[in-house]
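Position 1 is the first residue of the sequence; numbering continues from there. For the numbers below, each heavy atom of this structure counts, side chains included, while hydrogens, waters and symmetry mates do not.
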Amino acid sequence: METPELIVHGQAAPFSTALRSLVNNPRYSDVCFVVGQERQEVFAHRCLLACRCNFFQRLLGTETGPRVPSPVVLSTVPAEAFLAVLEFLYTNSVTLHRHSVLEVLTAAVEYGLEELRELCLEFVMKVLDVELVCEALQVAVTFGLGPLEERCIAFIEVHSQEALRTRGFLELSAPALLPLLRSDKLRVDEAELVQAARNWARVGAAVLERPVAEVAAPVVRELRLALLAPAELSALEEQNRREPLIPVEQIVEAWKSHALRRGDAVQGALCRRRRGTLRREHHRFLDVPFK
């Protein structure tokens, strides 16, 4: 009678520890990466990377046998994030840190490591805070990570004023800022939101070396100017003459709602109050309740 085969498993911990000792260990390594802007050398083993990740299989090719490889340059991934990727590939576990998890997540997406991506997403959800949320939103929008985008927007809706003051907010792309400006649930007054949009556009204009109004054009239409009082609209017009941000016709539409004393003078969404909108005397004419 033929004896059936049976796979038995030894202890996982010593095995994982042994493999972890090979991460960035030049001994027996046959490939060297130069990673990040600091051009840090990181050592690895081609066979392990190739069998664990299709990205590295394609990157390293199919050559076999001893050779003296040239360094593989990966300048866009920081060394700390790349080492976390290697830790996962070698041990199927990863040590994540709040300050670098988004860079590890970005690498996981770019390298097609779905399990590592999910581990990073789970970690981000747990540590999400005011300082991290806008950066996380940008990553979510860039890579189409819908659940993370929804979680970030929901967080910002609760902590709107604090989030709008962060560096991460100023560095958002227009596609990442748009869903925020379209939200009825932001806990911030429209006057503050207009100023936040101006600050955001100024930073973008400096980085891109383009006019403020040009940078702001994709998002500024979502500002609900009809919610501002007449004195605030006048002050905005004066500031807009000194530093163009908002198309003149958009300000005219807001004035129209004041003159006709009804919200249907402009598009309904653009005169709908947000959760953080401060009450003004003319709001009773808008006929649009708080949501």
Does any N or O in the side chain of S16 come within less than 3.5 Å of the main-chain N or O of A13, such that one atom is a donor and the other an acceptor?
-> no
Check: S100 side chain, E103 main-chain N or O, donor-acceptor pair, under 3.5 Å = no
Give the C-alpha distance, both sets of side-chain angles, the deciding distance and a yes or no for salt bridge (charged side-chain N to carboxylate O under 4.0 Å, His left out) between E243 and R202.
-> CA-CA 10 Å; E243 182 186 41; R202 284 171 176 166; 2.9 Å; yes
Please work out which of the three classes, parallel, tilted or perpendicular, describes the rings of H258 and H282, given edges at 30° and 60°.
-> tilted
Where the side chain of E190 meets the backbone of L228, is there a donor-acceptor pair that is under 3.5 Å apart?
-> no
Residues clustered with V252, ILVMFWY side-chain links under 4.5 angstrom = V248
Is the shortest heavy-atom distance from the side chain of V139 to the side chain of T106 under 4.5 Å?
-> yes
salt_bridge(E237, R242) N-O dist < 4.0 Å | no
Min side-chain heavy-atom separation P247-V220 under 4.5 Å | yes
Would E157 and S183 count as having a side-chain donor-acceptor pair, cut-off 3.5 Å?
-> yes
Does the pair E238 and R241 meet the rule for a salt bridge (charged side-chain N to carboxylate O under 4.0 Å, His left out), with working shown?
-> CA-CA 5 Å; E238 179 59 32; R241 278 192 284 268; 2.9 Å; yes
Are more than 12 heavy atoms from other residues, nucleotides or ligands located less than 6.0 Å from atom CD of E114?
-> no
Is the backbone N or O of L236 less than 3.5 Å from a side-chain atom of N240, with the two atoms forming a donor-acceptor pair by type?
-> no
According to a 4.5 Å side-chain heavy-atom criterion applied to Ile, Leu, Val, Met, Phe, Trp and Tyr, with indirect links allowed, do V215 and V203 form part of one hydrophobic cluster?
-> yes
State plainly whether one hydrophobic cluster holds both V34 and L60, where clusters connect Ile, Leu, Val, Met, Phe, Trp and Tyr through side-chain heavy atoms under 4.5 angstrom apart.
-> no
Donor-acceptor side-chain pairing of R20 and S93 below 3.5 angstrom | yes
Mind checking whether Y111 and F88 have ring centres under 6.0 Å apart?
-> no
In sequence, state the C-alpha distance, the side-chain angles, and the governing distance for R165 and E131, and then conclude on salt bridge (charged side-chain N to carboxylate O under 4.0 Å, His left out).
-> CA-CA 9 Å; R165 299 190 189 107; E131 293 300 323; over 6 Å; no
Using only heavy-atom distances, determine whether the side chains of Q37 and S75 contain a donor-acceptor pair under 3.5 Å.
-> no
Pair D189-R280, salt bridge (charged side-chain N to carboxylate O under 4.0 Å, His left out): steps then yes or no | CA-CA 11 Å; D189 186 63; R280 293 164 174 83; 2.6 Å; yes
Is there side-chain contact between F155 and L132, with at least one heavy-atom pair below 4.5 Å?
-> no
Does atom CZ of R221 have more than 12 heavy-atom neighbours, drawn from other residues, nucleotides or ligands, at distances under 6.0 Å?
-> yes
Test item: R182 side-chain N/O and L177 main-chain N/O as donor-acceptor pair under 3.5 Å = no
When hydrophobic residues are tied together by side-chain contacts of less than 4.5 Å, even through go-betweens, does V158 share a cluster with L164?
-> no
Determine whether Y28 and Y90 fall in the same hydrophobic cluster, where Ile, Leu, Val, Met, Phe, Trp and Tyr are linked whenever their side-chain heavy atoms lie under 4.5 Å apart.
-> no
Any chance you could pull the hydrophobic cluster mates of I7, using side-chain heavy atoms under 4.5 angstrom and chaining through other members?
-> none
Please determine, by modelled atom types, if W200 and E171 share a side-chain donor-acceptor pair under 3.5 angstrom.
-> no
Rounded to the nearest 0.5 angstrom, the CG-NZ distance for L96 and K126 is 10.0 Å
Is E110 reaching over with its side chain to a backbone N or O of A107, donor-acceptor style, under 3.5 angstrom?
-> no
D184 backbone acceptor or donor facing R272 side chain under 3.5 Å | no
Could you tell me whether the side chains of H99 and E80 share a donor-acceptor contact shorter than 3.5 Å?
-> yes
Cluster link L102 to V104, ILVMFWY, side chain under 4.5 Å = yes
Under 3.5 Å, is there a donor-acceptor pair between the Q138 and S173 side chains?
-> yes
Check whether any side-chain N or O of R187 sits under 3.5 Å from a backbone N or O of G276 as a donor-acceptor pair, and report yes or no.
-> no
